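See structure below.
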Amino acid sequence: MKYRVIPVTPFQQNATLLWCDETREAAIVDPGGDLQKILSAAEAEGVNLTQILLTHGHIDHVGGTAELAESLKLPIQGPHQDDQFWIDGLDQQSRMFGFASVKRFSPSRWLQDGDQVQVGLETLDVLHCPGHTPGHVVFYHAASGLAQVGDVLFHGSIGRTDFPKGNHADLIHSIRHKLFPLGDEVRFIPGHGPMSSFGDERQHNPFVSDHRG
Ligand SMILES: [Zn+2]
Ligand SMILES: [Zn+2]
């Protein structure tokens with residue numbers, strides 16, 4: 001599996017192009033906006049976009065979904081159905097976060113913990129990681145030790161939990177009991193900012209490091 005991180009929107013949200021090197025089939029994770037930038041990246045890599053994957057329902061992550069899905073006839077997988085209220089509330093979100101209004105959409109498939117998603121010949125495992133939002137999911141490619149964790153965990157920080165249905169205890173539990181057991185060497189692409197590894201965060205992250213207890 002190969003990848004390219006494409007920061008989009010004024011929130012510099014990491015849209016991630018993931019593709020299978022053998023079939024050149026690609027998924028775009030969290031197309032928040034700046035669709036031209038995403039399409040140019042896919043063209044530059046010579047890959048064929050075949051699906052949209054969503055980690056959670058926040059507008060900076062899903063803002064470009066309807067337009068992209070309609071124009072290229074792409075299926076939408078994710079997030080978990082517990083984020084449906086965020087997607088149904090995209091109009092309020094655009095006012096709340098100062099985004100131009102975006103079209104609503106319905107995922108082709110809601111995802112649950114333990115589901116798998118296929119990108120060409122590559123398989124991604126789905127982990128339900130509530131806390132930042134109740135329906136947040138993480139995509140994990142075990143074969144290359146790479147995770148796309150959205151707004152669950154960042155380099156040196158964790159997701160906000162002060163939004164409706166956010167839950168700090170759930171978030172900490174998701175990180176410590178779902179993500180960290182995948183292994184210290186696993187590298188992750190967060191929803192914003194630079195990549196890191198779970199081992200690094202276990203050492204240095206002030207919110208979830210091991211010595212925080
Ligand atoms: Zn978010
Ligand atoms: Zn975000």
Side-chain angles (χ1 to χ4, degrees), residues 3-18 27-35 37-38 41 52-68 76-105 107 110-111 113 126-140 146-175 178-179 187-196 201 205 207-208:
Y3 67 93
R4 174 153 161 187
V5 178
I6 310 155
V8 295
T9 87
F11 287 79
Q12 289 293 290
Q13 189 273 124
N14 290 330
T16 307
L17 191 64
L18 296 172
I28 182 74
V29 185
D30 290 357
D34 299 338
L35 295 182
K37 227 174 145 182
I38 291 171
I52 295 169
L53 303 178
L54 301 177
T55 61
H56 67 295
H58 282 161
I59 195 165
D60 54 323
H61 295 253
V62 308
T65 300
E67 196 185 330
L68 188 61
I76 303 162
Q77 305 210 66
H80 184 285
Q81 191 156 17
D82 286 353
D83 264 19
Q84 181 161 12
F85 76 103
W86 278 117
I87 294 168
D88 292 344
L90 275 172
D91 287 342
Q92 292 103 288
Q93 286 201 65
S94 61
R95 287 192 295 274
M96 183 169 147
F97 295 107
F99 268 64
S101 69
V102 299
K103 272 190 257 173
R104 288 221 237 140
F105 61 90
W110 295 107
L111 294 173
D113 196 58
V126 175
L127 291 90
H128 183 206
C129 292
H132 174 67
T133 66
H136 201 302
V137 296
V138 162
F139 298 100
Y140 174 53
L146 181 76
Q148 173 30 285
V149 306
D151 289 352
V152 173
L153 178 67
F154 303 108
H155 176 49
S157 189
I158 58 173
R160 288 173 62 170
T161 51
D162 56 334
F163 294 122
K165 299 192 192 180
N167 185 308
H168 183 76
D170 285 355
L171 182 69
I172 300 294
H173 187 272
S174 293
I175 295 168
K178 291 257 177 90
L179 299 186
R187 292 167 312 134
F188 68 89
I189 301 164
H192 306 262
M195 290 178 68
S196 179
E201 300 312 306
N205 190 309
F207 300 92
V208 286

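Numbering of ligands and ligand atoms starts at 1, following listing order. As the structure is a prediction and not an experimental result, all values here were calculated from the model.
For the Zn ion (ligand 1), the N/O/S atoms of D60 include none lying under 2.8 Å. One of the N, O or S atoms belonging to H132 lies under 2.8 Å away from the Zn ion (ligand 1). When distances to the Zn ion (ligand 1) are checked against a cut-off of 2.8 Å, H56 contributes an N, O or S atom below that limit.
The minimum distance between the Zn ion (ligand 1) and any N, O or S atom of D151 involves atom OD2. When distances from the Zn ion (ligand 2) to the N, O or S atoms of H192 are compared, NE2 comes out shortest. Its N, O or S atom nearest to the Zn ion (ligand 1) is what matters here, and for H58 that atom is ND1.
D151 and H192 share a side-chain donor-acceptor pair at under 3.5 Å. For the residue pair H61 / D30, a side-chain donor-acceptor distance below 3.5 Å is found, with atom types taken as modelled.
For V102 against L90, the heavy-atom pair with the smallest separation is CG2-CD1, 4.1 Å. The two residues P194 and P190 come nearest to each other via the heavy atoms O-CG, 3.2 Å.
With respect to the salt-bridge test (charged N to carboxylate O, under 4.0 angstrom), the residues D82 and K165 do not qualify.
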